[in-house]
Amino acid sequence: MQLKRVGEFKLIDILAKQSAGCSSAVIRGIGDDAAVIQSGKSECLLVTTDMLTEGVHFRREYTSPYFLGRKSLAVNLSDIAAMGGEPRCHVVSLAVPPGFPLRYVKDLYRGMDSLAGQFGSDLVGGDTVAAPEGLSLSITAIGTARTDRVVYRNGARPGDLVYVSGAVGDSFLGLQMLQITRQASRKNALVKKHLDPLPRIELGRDLARRGLASAMIDISDGLVADLRHVLEQSGAGAAIEAALLPLSKSYRKYCTSLSGDLYSPALCGGEDYELLFTVRPGDAKKIARLAGKHGVSLTCIGEITPQAGTVTVLNERGRPMPLPEEGFTHF
Ligand code: ADP
Ligand code: MG
């Protein structure tokens, strides 16, 4: 059977089952934002990898090598943030056509190093091979956390509140804008969010340290698609109110002309790299204080329900809305 008929997530499922069996040091293998490996009495390692491929994840016309370097590390550190961890180090594998300018690769690494410096991750190795066509970049990031503080996707319970950090949908609209204008004008807030997302490391760490998030994931595939991952693992459902979605000023300004529908990019657009997390209702006040401390909006957009696997999005009149195509998958 062809992979496109199997689908990305089913494929991962098949591979996970085929290769099941982990040593006792593996606290969590396949299935969360990062694997969790016991490394000391009360400390663990978080391991995650993400690959960016030219033509699939980026186009060289839209982004400079510097920002591509930053983003390629940011998406990995975002998975460390989603577990509540602290970035430590990363390795980088590069497949690059022999005709590529040296300058491009140096700028790519300058970008990567700038983000690494910002979040305290050290480049400690990698691999370099020639690619027949197109650049591919794979980064594996390693973080650490206190074992009893790691936040998984599977801890959401009915009645928990669903929160999202920052604003959602901007990255998708930024990409639309780049595709229309065909140039990388980073002055626009939407384009900036698409080209230079920042991992919510401090926030993720603080939520974990204070035991405030019952489940957490970063939004890479799209809000609803990533919420579904949380729900699958938690055996629960969710009801979301569209009117509560945090939409930025630029989003509201450009959304209808770029996408036609006010809520679709926020619900289904990917690559915002915001944190989606669930909170016991009694902790809502603490979340409000944390938002102030980190200078980031933390918005309650709905709640967890007992209906396993069901996501209902309610419109302004409290009626369920049909969901547009959900999130990004590779096959
Ligand atoms: P994220 O969006 O957080 O990067 P993914 O959806 O890419 O997560 O992956 C979900 C889970 O499946 C993760 O635990 C990841 O490590 C695992 N995974 C993805 N692809 C593979 C693969 N080819 N082989 C083994 N595990 C994989
Ligand atoms: Mg993730």
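We count ligands from 1, going down the list as the structure has it; atoms in each ligand are counted the same way. Quick caveat, the model's predicted, so the values are computed rather than measured. Side chains are part of it too, since the values below use all heavy atoms of this structure and drop only hydrogens, waters and symmetry mates.
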*Asks:* How far is atom 17 (C) of ligand 1 from its nearest protein heavy atom, and which residue and atom name does that atom have?
*Replies:*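 For atom 17 (C) of ligand 1, the nearest protein heavy atom is Ile30 CG2, 3.7 Å.
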
*Asks:* Side chains of Ser114 and Arg70: closer than 4.5 Å at any heavy-atom pair?
*Replies:* yes

*Asks:* Does atom NZ of Lys249 have more than 12 heavy-atom neighbours from other groups under 6.0 Å away?
*Replies:*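 For Lys249, atom NZ is not crowded (no more than 12 foreign heavy atoms under 6.0 Å).
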
*Asks:* Would the distance check show the side chain of Ser72 and the main-chain N or O of Gly69 forming a donor-acceptor pair, the cut-off being under 3.5 Å?
*Replies:* yes

*Asks:* Can you tell me the protein heavy atom closest to atom 16 (O) of ligand 1 and the distance?
*Replies:* Asp32 O, 4.8 Å

*Asks:* Quick check: does any side chain N or O of Ser165 sit under 3.5 Å from a backbone N or O of Glu274, one acting as donor and the other as acceptor?
*Replies:* no

*Asks:* Tell me which protein heavy atom sits closest to atom 12 (O) of ligand 1, plus the residue, atom name and distance to 0.1 Å.
*Replies:*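 It is Ile12 CG2, 3.3 Å.
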
*Asks:* Is His229 in polar range of ligand 1, meaning some N or O pair under 3.5 Å apart?
*Replies:*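 N/O-N/O distance below 3.5 Å does not exist for this pair.
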
*Asks:* Look at ligand 1 and say whether Arg153 reaches it with a heavy atom at a distance under 4.0 Å.
*Replies:*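 Contact check Arg153 vs ligand 1: positive.
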
*Asks:* Taking the six-membered ring for Trp and the full ring for Phe, Tyr or His, determine whether the centres of Phe9 and His229 are under 6.0 Å apart.
*Replies:* yes

*Asks:* Under 3.5 Å, is there a donor-acceptor pair between the side chain of Ser78 and the main chain of Pro199?
*Replies:* no

*Asks:* Please note down the angle at the Mg ion (ligand 2) between OD1 of Asp33 and OD1 of Asp218, to the nearest 10°.
*Replies:*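 That angle works out to 90° after rounding to 10°.
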
*Asks:* Judging by distance only, is a nitrogen or oxygen of Asp221 under 3.5 angstrom from one on ligand 1?
*Replies:* no

*Asks:* Do any nitrogen or oxygen atoms of Gly31 come within less than 3.5 Å of a nitrogen or oxygen of ligand 1?
*Replies:*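 Yes, at least one N or O pair falls under 3.5 Å.
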
*Asks:* Is ligand 1 under 4.0 Å from a heavy atom in the side chain of Thr48, in the backbone, in both, or in neither?
*Replies:* neither

